[in-house]
Amino acid sequence: MMKRLLFPMLLLIAMLAGCSKGPEYEIEVTKDLYFQKDTALPFEIKVTENKKAVKGLDVSAQISMTNMDHGTYDVKLEEGKNGTYSGNVKLPMGGKYEATFTLKNDGDKTEEVINLNVTKPKGVAKINGGWITNDDIAFYQFINKLQLEINREAAKKKYTSKQLEEELAYLDSQEKINDDKNQLLTQIIRLRAMAMLASEKGHKAAGAEVEQAVAKARDQYNQFESSKSLIQEYGEDKFWATEKQQYQLIVLSQKVQKDVIEKVKKDNPNVGEQEVYYLAQKAYEELLVSQVNSLKIEVL
């Protein structure tokens with residue numbers, strides 16, 4: 001009799017165990033964790049179940065080195081969009097780490113463990129895996145300073161008295177904006193995003209086109225003593241080598257602009273030139289926003 005009862009009881013226990021099985025979450029690191037001395041850097045994951053984003057979780061993590069004892073680092077991850085969860089983590093060094101995630105949902109608790117390889121960042125941001133470095137930021141800051149000095153020199157030739165004071169005061173305010181790293185980063189992202197779009201559309205920046213654009217820029221700079229002096233201080237060979245790289249991107253982005261203008265003209269055959277350029281600028285900005293949103297951009 002006992003043997004007859006034993007099998008159904010074991011079957012029932014197995015069924016109950018199957019019914020109580022917790023969710024099977026998958027964790028994907030969507031923003032790599034880096035090490036930078038005395039700095040908390042962002043870290044982001046995406047949680048899915050059966051390939052669907054999981055929202056509304058309470059997520060935390062304990063991070064520790066796998067081969068050294070530096071203690072554990074606790075981080076609370078805040079929910080973002082489409083099943084992403086992120087927080088900031090300050091680590092003591094690069095190396096191999098283990099992250100134990102605790103995921104809570106309506107009283108249910110699940111733990112998942114993943115391994116992390118933490119390295120020093122090669123820059124301040126990434127676009128589709130390509131780094132934007134501190135040197136890139138510094139060059140854009142220099143280019144903006146160069147343009148401001150040209151504008152100052154031009155203003156002194158064109159204006160006098162109060163009008164000159166107002167123009168110089170405006171340029172001084174722009175110089176403060178040029179110290180904002182986020183503004184410089186935005187400039188770089190805008191240009192690279194449109195250059196990428198141009199490449200996706202099959203456009204190329206021919207060597208002759210780039211050289212022509214660089215020669216035009218050189219002629220402009222040579223008209224002003226302030227710009228010639230600044231470029232000399234920066235290092236002429238270094239400046240023009242970097243400027244050539246920038247103009248490869250500029251030439252590509254200009255081809256997207258040309259495409260947009262031609263499309264606007266085709267779609268609006270009866271509008272004037274001024275209206276065409278207004279509509280083209282609006283369309284270009286919309287295209288830029290769409291392109292940026294399509295890219296994987298990580299800002300540290």
Side-chain angles (χ1 to χ4, degrees), residues 28-32 34 41-46 48 51 53 80-86 121-144 147 177-178 180-207 209-210 212-214 216-217 242-268 271 273-300:
E28 175 193 1
V29 176
T30 51
K31 183 175 287 186
D32 289 328
Y34 293 98
L41 294 181
F43 176 50
E44 183 183 85
I45 62 169
K46 182 171 184 177
T48 58
K51 298 183 179 180
K81 296 179 179 179
N82 300 320
T84 59
Y85 298 82
S86 62
K122 296 179 182 178
V124 297
K126 286 198 294 185
I127 305 179
N128 280 14
W131 283 100
I132 297 175
T133 67
N134 284 308
D135 286 343
D136 294 327
I137 295 288
F139 185 75
Y140 267 69
Q141 191 171 33
F142 178 76
I143 285 290
N144 289 344
Q147 191 59 54
I177 294 174
N178 192 36
D180 185 345
K181 188 178 83 171
N182 290 330
Q183 291 284 344
L184 297 166
L185 190 56
T186 298
Q187 284 182 265
I188 295 171
I189 290 172
R190 284 174 62 94
L191 180 57
R192 291 195 185 182
M194 294 314 277
M196 287 179 182
L197 180 60
S199 296
E200 290 167 13
K201 290 177 174 290
H203 291 303
K204 298 184 183 301
E209 292 177 294
V210 175
Q212 186 178 7
V214 171
K216 187 176 179 180
T242 309
E243 187 77 331
K244 184 176 180 179
Q245 293 173 356
Q246 293 303 308
Y247 269 96
Q248 288 175 336
L249 303 178
I250 291 169
V251 167
L252 283 170
S253 67
Q254 287 174 340
K255 293 190 175 186
V256 176
Q257 291 176 343
K258 185 178 178 181
D259 288 346
V260 171
I261 291 170
E262 289 176 354
K263 185 176 186 307
V264 168
K265 286 181 176 178
K266 183 179 178 180
D267 294 343
N268 303 273
V271 302
E273 185 175 354
Q274 187 174 353
E275 181 71 8
V276 165
Y277 284 102
Y278 169 77
L279 294 172
Q281 181 62 33
K282 184 179 177 182
Y284 182 85
E285 288 298 321
E286 290 172 353
L287 189 60
L288 173 63
V289 170
S290 175
Q291 173 67 358
V292 168
N293 288 338
S294 73
L295 302 175
K296 184 179 180 182
I297 299 174
E298 299 179 36
V299 179
L300 302 185

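On a predicted model such as this, the values are computed, not experimentally measured, just so you know. Every heavy atom of this structure was used, including side-chain atoms; hydrogens, water molecules and symmetry mates were not. Starting from 1, each residue takes its place in the sequence as its number.
- Residue A283 comes nearest to V260 through the heavy atom pair CB-CG1, 3.8 Å, listed as atom of the first residue, atom of the second, then distance.
- The backbone N or O of Q141 lies less than 3.5 Å from a partner atom in the side chain of N178, making a donor-acceptor pair.
- In this structure the side chain of V264 never reaches within 4.5 angstrom of the side chain of Y277, judged on heavy atoms.
- Closest of all the heavy-atom pairs between L300 and P121 is CD1-CB, 3.2 Å.
- Between K126 and D32, some side-chain heavy-atom pair lies under the 4.5 Å cut-off.
- For the atom pair I189 CD1 and M196 CE, the distance stands at 10.0 Å (nearest 0.5 Å).
- Remark: the N144 side chain and the Q183 side chain contain no N/O donor-acceptor pair separated by less than 3.5 Å.
- A heavy-atom distance below 4.5 Å is found between the side chains of I297 and V292.
- N82 CG to T48 OG1: the interatomic distance, rounded to the nearest 0.5 Å, is 12.0 Å.
- For the salt bridge (charged side-chain N to carboxylate O under 4.0 Å, His left out) condition, the pairs that include at least one residue of residues 257-266, sequence neighbours left out, are K263-D267.
- Inter-residue side-chain proximity for L249 and R192 is flagged as met; some heavy-atom pair is nearer than 4.5 Å.
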Practice task
Applying side chain to side chain contact (heavy atoms under 4.5 Å, CB included), run through Y140 and L191 and close with a yes or a no.
Solution key: CA-CA 11 Å; Y140 267 69; L191 180 57; 3.1 Å; yes
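- Annotation: the span from Q257 atom CD to Y284 atom OH amounts to 4.5 Å, rounded to 0.5 Å.
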Exercise for the section: Apply side chain to side chain contact (heavy atoms under 4.5 Å, CB included) to Q281 and Y278, showing your working. Expected result: CA-CA 5 Å; Q281 181 62 33; Y278 169 77; 5.9 Å; no
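- For the pair Q291/L295, a side-chain contact is recorded, criterion being any heavy-atom separation below 4.5 Å from C-beta on.
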Practice task
Just do the side chain to side chain contact (heavy atoms under 4.5 Å, CB included) check on L288 and R190 with the steps written out, would you?
Solution key: CA-CA 7 Å; L288 173 63; R190 284 174 62 94; 3.0 Å; yes
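- Within a 6.0 Å sphere centred on CD of E200, other residues, nucleotides and ligands contribute more than 12 heavy atoms.
- Of the residues listed (T242, I188, V124, L185), the one engaging D136 in a side chain to side chain contact (heavy atoms under 4.5 Å, CB included) is I188, and it is the only one.
- Taking 4.5 Å as the limit, some side-chain heavy atom of K244 sits within range of a side-chain heavy atom of V210.
- The distance from the OG atom of S294 to the CG atom of L197 is 8.0 Å, given to the nearest 0.5 Å.
- Closest non-hydrogen pair, L252 versus A198, comes out as O-CB, 3.3 Å.
- Using a 4.5 Å cut-off on side-chain heavy atoms (C-beta onward), V276 and N268 make no contact.
- Among the candidates Q187, E243, Q246, the single residue satisfying the side chain to side chain contact (heavy atoms under 4.5 Å, CB included) test with I143 is E243.
- Side-chain contact between P42 and Y34 is absent, with no heavy atoms from C-beta onward closer than 4.5 Å.
- Interatomic distance, E28 CD to K46 NZ, rounded to the nearest 0.5 Å: 7.0 Å.
- Remark: side-chain polar atoms of K204 are not paired, donor with acceptor, to backbone N or O of S199 under 3.5 angstrom.
- For the residue pair E209 and Y247, no side-chain donor N or O sits within less than 3.5 Å of a side-chain acceptor on the partner.
- Atom CD1 in I132 sits 6.5 Å away from atom CD1 in I137 (nearest 0.5 Å).
- No side-chain donor-acceptor contact under 3.5 Å links N293 and S290.
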